[in-house]
*Asks:* 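The structure under discussion is supplied below as structure tokens; questions concerning it will follow.
Keep in mind the model is a prediction, meaning the values are calculated, not measured.
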Amino acid sequence: MRKTLAIFLAILTVFLCFAVCAQAGAPETEEEVLISAQGGVEDDPEDPENPTDPEDPENPTDPEDPTEEEPTQPTKPDDPSRYAEMYLISYWNVASPHVFIYFENITDHDITVGAYTVPAGRAVSVATLGISVADGDGAGIYYNMELYRIGKSGTYPLVVSLHKTVSKAELAKVTEFILHNNHWDFFIFNCGWFAAECWNKGGGSYLVPITVFPSILRLEMVLHFLSSSGKVKLQKAERNEVMRQHNDKKGIYLTVAVDKSL
């Protein structure tokens, strides 16, 4: 009896082992096959933790706005009727008056007076000199000599002056005259004659340029065309701005005046 029961239990055990092995080797279900083939569970498109939007909101792909260029300030247009302030100035110099012409640049760019370039806002004096300059420079046209000398002394007594605003065309006429009249003599073609001719070329009220002595031109200014008297506010000139004009085979050019002429 016991032997029969043992045999029965052994057969039952073998049968149960075959059943378990068969279950383990059974094919996967459709759902299990799908998961295995994809390597894992598919992302849920509605899952907020895994957005499917390819664009990163922190790194937008929109093109950058073009850089806005600063508007260029328009250059102030020239007024051809107003290029410089012209002054005819006479002051007493030792035993006789001296006369010179003075220009202030009222444009926003360089202008040319004779052979000299005047920056915007700056000024230049022009005169013929002979006795008061050194032999190393010689008699003729000088630029800024008066501004340098007066700037050092701070005074120029018994001043008489005439004033006019000159146009671009009038300044060109003055420049042409200066470039081709680089000479001086004591009686006729002196500082008075030169300054009066510059004044006339610049459209000022006509002055007789045959002066003989500068005192005659000074008297003419006082009696007929005086527009102001007293001290005109003149700009100062630096040492290297005092120039001597030359007209020779090299052409028309400027050199810095020698120390003895100052």
*Asks:* Can you find a pair of side-chain heavy atoms, one from Arg244 and one from Val258, that are under 4.5 Å apart?
*Replies:* no

*Asks:* Test your reading of the model: is there a side-chain donor-acceptor pair from Tyr102 to the backbone of Gln235, 3.5 Å cut-off?
*Replies:* yes

*Asks:* Look up atom CD1 in Ile106 and atom CD1 in Ile111, then write down how far apart they are to the nearest 0.5 Å.
*Replies:* 8.0 Å

*Asks:* To check you understand the geometry: which heavy-atom pair defines the closest contact between Pro97 and Trp92, and what is its length?
*Replies:* CD-CZ3, 3.6 Å

*Asks:* Is the Trp193-Phe177 ring centre distance short of 6.0 angstrom?
*Replies:* yes

*Asks:* Is there a donor-acceptor contact under 3.5 Å linking the side chains of Ser90 and Arg218?
*Replies:* yes

*Asks:* Would Thr255 and His246 satisfy side chain to side chain contact (heavy atoms under 4.5 Å, CB included), going step by step from the backbone distance to the final call?
*Replies:* CA-CA 8 Å; Thr255 58; His246 300 271; 2.6 Å; yes

*Asks:* Which atom pair, heavy atoms only, marks the closest approach of Val160 to Met221?
*Replies:* O-CE, 3.7 Å

*Asks:* For the pair Glu170 (side chain) and Ser167 (backbone), establish whether a donor and an acceptor sit closer than 3.5 Å, ignoring hydrogens and angles.
*Replies:* yes

*Asks:* If you define the side chain from C-beta out and look only at heavy atoms, does anything of Ile150 sit under 4.5 Å from Leu234?
*Replies:* yes

*Asks:* Let me confirm one number: the CG-CG distance from Asn182 to Leu179, rounded to the nearest 0.5 Å.
*Replies:* 9.5 Å

*Asks:* Is there a chain of hydrophobic side chains (I, L, V, M, F, W, Y, each step under 4.5 Å between heavy atoms) that links Val124 to Ile141?
*Replies:* yes

*Asks:* Indicate whether the side chain of Ser261 and that of Asp137 have a donor and an acceptor atom separated by less than 3.5 Å.
*Replies:* yes

*Asks:* Could you state the interatomic distance from CG (Leu207) to CD1 (Ile216), rounded to the nearest 0.5 Å?
*Replies:* 13.0 Å

*Asks:* Please answer whether the main-chain N or O of Thr112 pairs with a side-chain N or O of Thr175 as donor and acceptor at a distance below 3.5 Å.
*Replies:* yes

*Asks:* I'd like to know if Arg122 pairs up with Glu241 as an ion pair, taking the criterion as any Lys NZ or Arg NE/NH1/NH2 lying under 4.0 Å from an Asp or Glu carboxylate oxygen.
*Replies:* yes

*Asks:* Taking the side chain as every heavy atom from C-beta outward, state whether Glu220 and Val208 have any atom pair closer than 4.5 Å.
*Replies:* yes

*Asks:* Does a side chain donor of either Arg239 or Asn144 reach within less than 3.5 Å of an acceptor in the other side chain?
*Replies:* no

*Asks:* Between the side chains of Asp78 and His109, does any donor sit under 3.5 Å from an acceptor?
*Replies:* yes

*Asks:* Quick one: do the Glu146 and Tyr148 side chains pair a donor with an acceptor below 3.5 Å?
*Replies:* no

*Asks:* So which heavy atom on Glu85 is nearest to which on His163, and how close?
*Replies:* OE1-NE2, 2.6 Å

*Asks:* Given side chain to side chain contact (heavy atoms under 4.5 Å, CB included), test Trp184 with Asn190 step by step and report yes or no.
*Replies:* CA-CA 5 Å; Trp184 175 93; Asn190 51 34; 3.8 Å; yes

*Asks:* Would you check if Trp199 and Lys164 make a side-chain contact, meaning some heavy-atom pair closer than 4.5 Å?
*Replies:* yes

*Asks:* Any idea how Tyr143 and Tyr116 line up, ring-wise: parallel (<30°), tilted (30 to 60°), or perpendicular (>60°)?
*Replies:* parallel

*Asks:* Mind checking the CG-NZ spacing from Leu262 to Lys152? Nearest 0.5 Å is all I need.
*Replies:* 7.0 Å

*Asks:* If you define the side chain from C-beta out and look only at heavy atoms, does anything of Leu88 sit under 4.5 Å from Val99?
*Replies:* yes

*Asks:* Please report the shortest heavy-atom distance between Ala134 and Lys260, naming the atom on each side.
*Replies:* CB-CB, 3.5 Å

*Asks:* Working note: Asp248 + Tyr253, criterion side-chain hydrogen bond (donor to acceptor under 3.5 Å, both in side chains); need CA distance, chi angles, decisive distance, verdict.
*Replies:* CA-CA 9 Å; Asp248 54 32; Tyr253 59 96; 2.6 Å; yes

*Asks:* Would Val118 end up clustered with Tyr83 when hydrophobic side chains under 4.5 Å apart are linked, directly or stepwise?
*Replies:* yes

*Asks:* Mind listing the closest non-hydrogen atom pair of Ala115 and Leu254 along with its distance?
*Replies:* O-CD1, 3.3 Å

*Asks:* Hydrophobic cluster membership, with links at side-chain heavy-atom distances under 4.5 Å among I/L/V/M/F/W/Y: are Leu147 and Tyr91 in one?
*Replies:* yes

*Asks:* Give a yes-or-no answer on whether the side chains of His183 and Thr128 include a donor-acceptor pair shorter than 3.5 Å.
*Replies:* no

*Asks:* Any side-chain heavy atom of Phe189 within less than 4.5 Å of one from Asn181?
*Replies:* no

*Asks:* Heavy atoms, side chains only, cut-off 4.5 Å: are Ile178 and Cys198 in contact?
*Replies:* yes

*Asks:* Say whether Val222 and Ile101 are linked into one hydrophobic cluster, either directly or through other cluster members, by side-chain heavy-atom distances under 4.5 angstrom.
*Replies:* yes

*Asks:* Determine, using the 4.5 Å side-chain heavy-atom cutoff (strictly less than), whether Val242 and Ile131 are members of one ILVMFWY cluster.
*Replies:* no

*Asks:* Report the distance from atom OG1 of Thr165 to atom CD of Glu104, rounding to the nearest 0.5 Å.
*Replies:* 10.0 Å

*Asks:* Quick one: SG on Cys191 to CZ on Phe186, what's the gap to the nearest 0.5 Å?
*Replies:* 10.0 Å

*Asks:* Could you tell me whether the side chain of Asn105 and the main chain of Pro119 form a donor-acceptor pair under 3.5 Å?
*Replies:* yes

*Asks:* Side chains of Met145 and Val133, heavy atoms from C-beta outward: is any pair under 4.5 Å?
*Replies:* yes

